[in-house]
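Written below as structure tokens is the structure these notes are about.
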Amino acid sequence: MDIHAPFLGQLVAKIIAHGESRENALGRLTQALDELIVEGIRTNTSLHRELVKDQAFREGGVSIHYLESKLED
């Protein structure tokens, strides 16, 4: 199968992290992203790694509009 086929779904995997606090959950998410290996296709893992390090995201209260502005930069 051609991996560039138009019917190939965009979602390959979902990572969900939880913890006793937001800080704990973000630490677990950071570790999961750092250990993630996906071969053969392009992913947006680097964007997610950048977001979990972003101070505004870490503090919470950001919306999809915040992501849109980050993507414009």
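Quantities reported herein were computed from a predicted structural model and do not represent experimental measurements.
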Grouping I, L, V, M, F, W and Y whenever their side-chain heavy atoms are under 4.5 Å apart, do Val62 and Ile16 come out in a common cluster? no
Give the C-alpha distance, both sets of side-chain angles, the deciding distance and a yes or no for side-chain contact (heavy atoms from CB on, under 4.5 Å) between Glu50 and Lys70. CA-CA 10 Å; Glu50 183 180 323; Lys70 292 284 287 183; 3.8 Å; yes
**Report entry** Ring-face cation of Arg49 near Phe57 (centre distance under 6.0 Å, axis angle within 45°)
**Finding:** no
Honestly curious: do Leu26 and Tyr66 fall in one hydrophobic cluster under the side-chain, below-4.5 Å linking rule? yes
query: Take atom CD in Glu68; do more than 12 heavy atoms of anything else shown fall under 6.0 Å from it?
result: yes
Could you walk me through whether Leu67 and Leu51 pass the side-chain contact (heavy atoms from CB on, under 4.5 Å) test, one step at a time? CA-CA 9 Å; Leu67 177 58; Leu51 286 173; 3.9 Å; yes
So CG of Leu29 and CD1 of Ile15: to nearest 0.5 Å the spacing works out to 6.5 Å
What one should report as the nearest heavy-atom pair of Ala25 and Gly19 is CB-N, 3.7 Å
Check: If only atom types and distance count, is the side chain of Arg28 paired as donor or acceptor with the main-chain N or O of His18 below 3.5 Å?
Finding: yes
What one should report as the nearest heavy-atom pair of Glu39 and Ile37 is CG-CG2, 3.9 Å
Q) According to a 4.5 Å side-chain heavy-atom criterion applied to Ile, Leu, Val, Met, Phe, Trp and Tyr, with indirect links allowed, do Leu36 and Val52 form part of one hydrophobic cluster? A) yes
Checklist line | Pair Thr43-Val12, side-chain contact (heavy atoms from CB on, under 4.5 Å): steps then yes or no | finding: CA-CA 9 Å; Thr43 70; Val12 174; over 6 Å; no
